Structure formats: C-alpha cells, structure tokens
Number of protein chains: 2
Amino acid sequence: MAWDLKPDRPIYTQLIEKIQLKIFSGEYPLGSNLPSVRDLASEASVNPNTMQRALAKLEEDGLVVTHRTKGRTITEDADMVKQAKNKLAQIHIFEFLEKMQLMGFSKDEVLVLISEMLKEMKK
Amino acid sequence: MAWDLKPDRPIYTQLIEKIQLKIFSGEYPLGSNLPSVRDLASEASVNPNTMQRALAKLEEDGLVVTHRTKGRTITEDADMVKQAKNKLAQIHIFEFLEKMQLMGFSKDEVLVLISEMLKEMKK
DNA sequence: ATTATTGTATTAAGCTCTTAATACAATAAT
DNA sequence: ATTATTGTATTAAGAGCTTAATACAATAAT
C-alpha cells in the first residue's frame with residue numbers, strides 16, 4: 001500500500017488526509033479496527049509520534065474512536081461520515097473552481113476542460 | 001491587494017503561486033515592470049529574502065526576467081506563458097479529479113457536483 | 001559626481017515539523 | 001500471574017522555513 005507522502009507539506013497533515021480518504025472510500029469500513037499506531041507508522045514509513053499526531057486529530061474530529069488498550073476503530077456513525085465526506089468534497093470543488101477562475105478561465109471553459117479530462121481518464 | 005498567505009505551507013511557495021496567477025490572469029501584463037523585491041515584500045508583508053526566493057524561482061521558470069538594476073519585467077513570450085498556464089490548469093484538474101475519485105465519487109457524480117457549484121457561484 | 005535604487009548575498013536567531021529513543025499505565029492474551 | 005500489546009508522554013536533536021539585520025556591486029536618477 002503506497003502512502004506517497006511528499007516533503008512539501010507537513011507529513012501529519014498528509015496522513016490525516018490519506019486516512020480520511022480510506023474511510024470515505026470504504027477501504028476502512030465503519031466500525032472496523034484500525035491497525036495500531038506502531039503498525040500504521042511502520043506501514044507509512046513514518047515515526048510513531050507523527051502517526052499518533054494524525055490519529056489524535058482524526059479522533060478529535062470524531063472519525064476515529066480510541067479504546068485505550070484495545071486499539072482504535074472507525075466510527076460507526078454513518079451520517080457523520082457522510083456529512084464529513086460531503087463537506088470535504090465541497091471544499092475541494094470550491095477551491096478548485098476558485099483557482100481556475102483566478103487563472104482566468106471562465107465557468108464554461110472549466111466545464112469543457114473537466115469533461116475532456118474525464119474522457120481521457122476513461123481510456 | 002490581499003496576498004492572503006497561510007501558515008500551513010511555505011510562504012515562498014505561495015508567493016510563487018500568487019505571482020503566477022497574476023501573470024496568467026493578466027493582472028501583470030506581458031512585458032510590464034514588476035515592483036522591486038523590497039516593494040513586493042512590503043506589499044505582501046513578507047521578508048525581502050522570502051520574496052527574493054520566490055522571484056528567483058519564477059525567473060528560473062522563465063516567467064520573469066531580471067534586468068539587474070532596472071528591476072524585473074514579466075516575460076514577453078506569450079506562447080511560453082500560455083503553455084505554462086495550460087500545464088498548470090491540467091495539473092489542477094487532474095489532481096482535483098484524482099482526489100474526488102479517491103473519496104469515492106464517480107466521474108458522473110463529479111460532473112454533477114461541479115455543475116451545481118458553478119450554478120451557486122453565478123448567483 | 002553624488003545619491004538613490006536595483007538585485008543579491010551572508011549570518012544568526014527562532015520557529016515548526018520530524019525523527020529518535022525511551023518510558024509508563026492499562027489491559028488483552030497466554 | 002506473567003507477557004505482550006495498546007495508547008500516550010517526554011526529551012533531545014536535526015532539518016527547513018522565515019525573519020532580521022546588514023552589506024555589496026551596478027546603474028539609474030539627480
């Protein structure tokens with residue numbers, strides 16, 4: 001499994017995003033057990049402290065639940081997850097459109113470009 | 001003019017992006033004079049060294065030309081600018097679509113969401 | 001000629017992020 | 001009961017980014 005971390009942004013931030021994606025996409029099903037901090041850290045080739053920091057944030061956000069010595073699980077609150085997923089999608093969409101418009105592309109141009117890229121990706 | 005810099009990523013990186021946008025959108029016309037390092041730094045509330053670093057990168061990329069003691073100008077190579085702009089757009093589009101698909105949205109769902117957001121933004 | 005402005009370079013300090021090396025308490029597994 | 005595994009906390013070191021305070025050479029402006 002490739003974590004694909006880059007040095008241009010804090011690692012712990014990228015870890016948070018990666019794990020969020022795994023939850024949203026269903027790779028980590030609701031209620032399932034998460035590997036231990038040490039295992040996750042080793043899997044991502046990252047220091048346990050850094051992984052711990054990411055997990056603490058995910059727990060703060062409610063996506064992950066800690067059971068002390070039993071390890072962590074993904075939340076079972078499907079509504080919460082769905083809401084968080086949609087919120088994140090909205091943010092991505094908005095920031096993307098904002099960037100494109102700042103570059104000088106019109107709304108119609110953006111739609112055309114997106115459609116073209118989607119066709120490319122279907123091949 | 002708001003530079004709107006955030007502490008989550010290196011400042012010099014954000015400066016590069018902002019100035020690129022100003023070139024691509026035409027706010028800095030081709031061939032026009034750029035303010036001095038010190039003026040730009042003061043305008044962005046940033047240390048001159050940091051602005052210098054951003055400008056050096058833009059010069060390396062060919063978007064900006066340095067004339068020693070006469071200051072800097074935007075390149076006059078319209079084709080080069082257009083190419084750089086399109087390349088950046090492709091990167092933004094691809095990364096956006098990649099994120100959305102990793103989150104579990106289908107291509108069709110993405111198109112629908114984008115259209116909805118564009119309608120919102122027209123209001 | 002003198003002055004001001006340009007880009008550029010250097011050195012030091014402070015900050016955050018990351019890694020490393022541990023250690024501890026709680027509890028599941030044996 | 002003992003052992004292993006869990007999350008958690010601490011301290012120290014190093015790396016990169018940023019600011020600060022200068023300094024210098026080249027040249028435009030006066």
Side-chain angles (χ1 to χ4, degrees), chain A residues 1-20 22-23 28-29 31-76, chain B residues 1-20 22-23 28-29 31-76:
Chain A
M1 200 282 153
W3 285 75
D4 197 31
L5 303 169
K6 294 169 187 172
D8 64 334
R9 291 186 303 136
I11 305 279
Y12 82 97
T13 307
Q14 298 180 59
L15 293 176
I16 292 169
E17 292 170 0
K18 294 283 178 189
I19 298 173
Q20 271 183 336
K22 289 171 194 294
I23 297 173
Y28 287 156
S32 66
N33 291 320
L34 217 52
S36 75
V37 184
R38 291 168 178 81
D39 285 352
L40 278 173
S42 146
E43 188 184 323
S45 301
V46 147
N47 189 280
N49 297 331
T50 309
M51 182 60 75
Q52 163 74 17
R53 186 166 175 186
L55 291 172
K57 169 65 174 163
L58 287 166
E59 192 181 354
E60 187 187 321
D61 293 344
L63 285 176
V64 157
V65 185
T66 298
H67 312 280
R68 261 331 238 120
T69 60
K70 276 198 212 171
R72 291 178 164 93
T73 57
I74 309 299
T75 178
E76 296 189 351
Chain B
M1 200 284 154
W3 286 74
D4 196 31
L5 303 169
K6 295 169 187 174
D8 64 336
R9 288 184 308 135
I11 305 279
Y12 82 98
T13 305
Q14 298 180 61
L15 293 176
I16 293 170
E17 292 169 359
K18 293 282 178 188
I19 297 173
Q20 271 183 336
K22 289 172 193 295
I23 297 173
Y28 288 157
S32 66
N33 291 318
L34 219 51
S36 75
V37 184
R38 291 169 178 79
D39 286 353
L40 277 174
S42 145
E43 188 185 323
S45 301
V46 148
N47 188 279
N49 298 331
T50 308
M51 183 59 75
Q52 163 75 16
R53 186 165 177 186
L55 292 173
K57 169 65 175 164
L58 287 167
E59 192 182 353
E60 188 187 321
D61 292 344
L63 285 175
V64 158
V65 184
T66 298
H67 312 279
R68 268 321 248 121
T69 60
K70 277 196 209 170
R72 290 178 164 94
T73 58
I74 309 298
T75 179
E76 297 188 352

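So you know, we letter chains A, B, ... as the sequences are listed, proteins then strands, and number each from 1. Bear in mind that the values here come from a model prediction, so they are computed numbers and not experimental data. Values reported hereafter were calculated over all heavy atoms of this structure, with side chains retained and with hydrogens, waters and symmetry mates removed.
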A:Arg72/A:Val37 under side-chain contact (heavy atoms from CB on, under 4.5 Å): CA gap, chis, key distance, verdict: CA-CA 9 Å; A:Arg72 291 178 164 93; A:Val37 184; 3.2 Å; yes

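If you measure from atom OH of A:Tyr12 to atom C1' of C:dT16, you get 9 Å, rounded to the nearest angstrom. In this structure, A:Gln52 places its CD atom 9 Å from C1' of D:dA9, rounding to the nearest Å. Going from atom CG of A:Asn33 over to atom C1' of C:dA28 covers 13 Å, rounded to whole Å. Atom NZ in A:Lys57 sits about 13 Å away from atom P in C:dC17, given to the nearest Å. The distance between atom CG of A:Asp8 and atom P of C:dC17, rounded to the nearest whole Å, is 15 Å. As rounded to whole Å, 13 Å separates atom C1' of D:dT6 from atom CG of A:Leu34. Here the P atom of nucleotide D:dG16 and the NZ atom of A:Lys6 are 19 Å apart, to the nearest Å. If you measure from atom CD of A:Gln14 to atom C1' of C:dC17, you get 12 Å, rounded to the nearest angstrom.
Distances from the side chain of A:Glu59 to the nucleotides D:dT6, D:dT8, C:dG7 place D:dT8 closest.
Between the A:Asp61 side chain and the A:Leu63 main chain, no donor and acceptor come within less than 3.5 Å of each other.
The minimum heavy-atom distance between A:Ala54 and A:Tyr12, with the atom names listed, is CB-O, 3.8 Å. Scanning all heavy atoms of the two residues, the minimum distance from B:Gly31 to B:Glu76 falls at CA-CG, 3.6 Å. Shortest non-hydrogen contact noted between B:Lys18 and B:Trp3 is CE-O, 3.0 Å. Among all heavy-atom pairs drawn from B:Ala44 and B:Leu15, the shortest one is CB-CD2, 4.2 Å.
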Secondary-structure string, 5' to 3', Watson-Crick or G-U under 3.5 Å, | for another-strand partners, for DNA chain D: ||||||||||||||||||||||||||||||

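The salt bridge (Lys or Arg N to Asp or Glu O under 4.0 Å) pairs that include a residue from residues 5-15 of chain B are B:Arg9-B:Glu17, where partners are two or more places apart or lie in different chains.
At least one side-chain nitrogen or oxygen of A:Arg72 sits closer than 4.0 Å to the OP1 or OP2 atom of D:dT8. Taking 4.0 angstrom as the limit, B:Thr50 places a side-chain polar atom (N or O) nearer than this to OP1 or OP2 of D:dT19. In this model, the phosphate group of C:dT6 is approached by a side-chain N or O of B:Ser36 to a distance below 4.0 Å at OP1 or OP2.
Taking the side chain as every heavy atom from C-beta outward, B:Leu55 and B:Thr66 never approach each other to under 4.5 Å. Side-chain contact between B:Leu58 and B:Ile16 is present, with at least one heavy-atom pair separated by less than 4.5 Å.
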What nitrogen or oxygen pairs link the protein and nucleotides 20-27 of chain C at under 3.5 Å?
unit_1	atom_1	unit_2	atom_2	d
C:dA20	N7	A:Asn47	ND2	3.4
C:dA20	N7	A:Asn49	ND2	3.4
C:dA20	N6	A:Asn49	ND2	2.9
C:dA21	N6	A:Asn49	ND2	3.3
C:dT27	O4'	A:Thr69	OG1	2.7

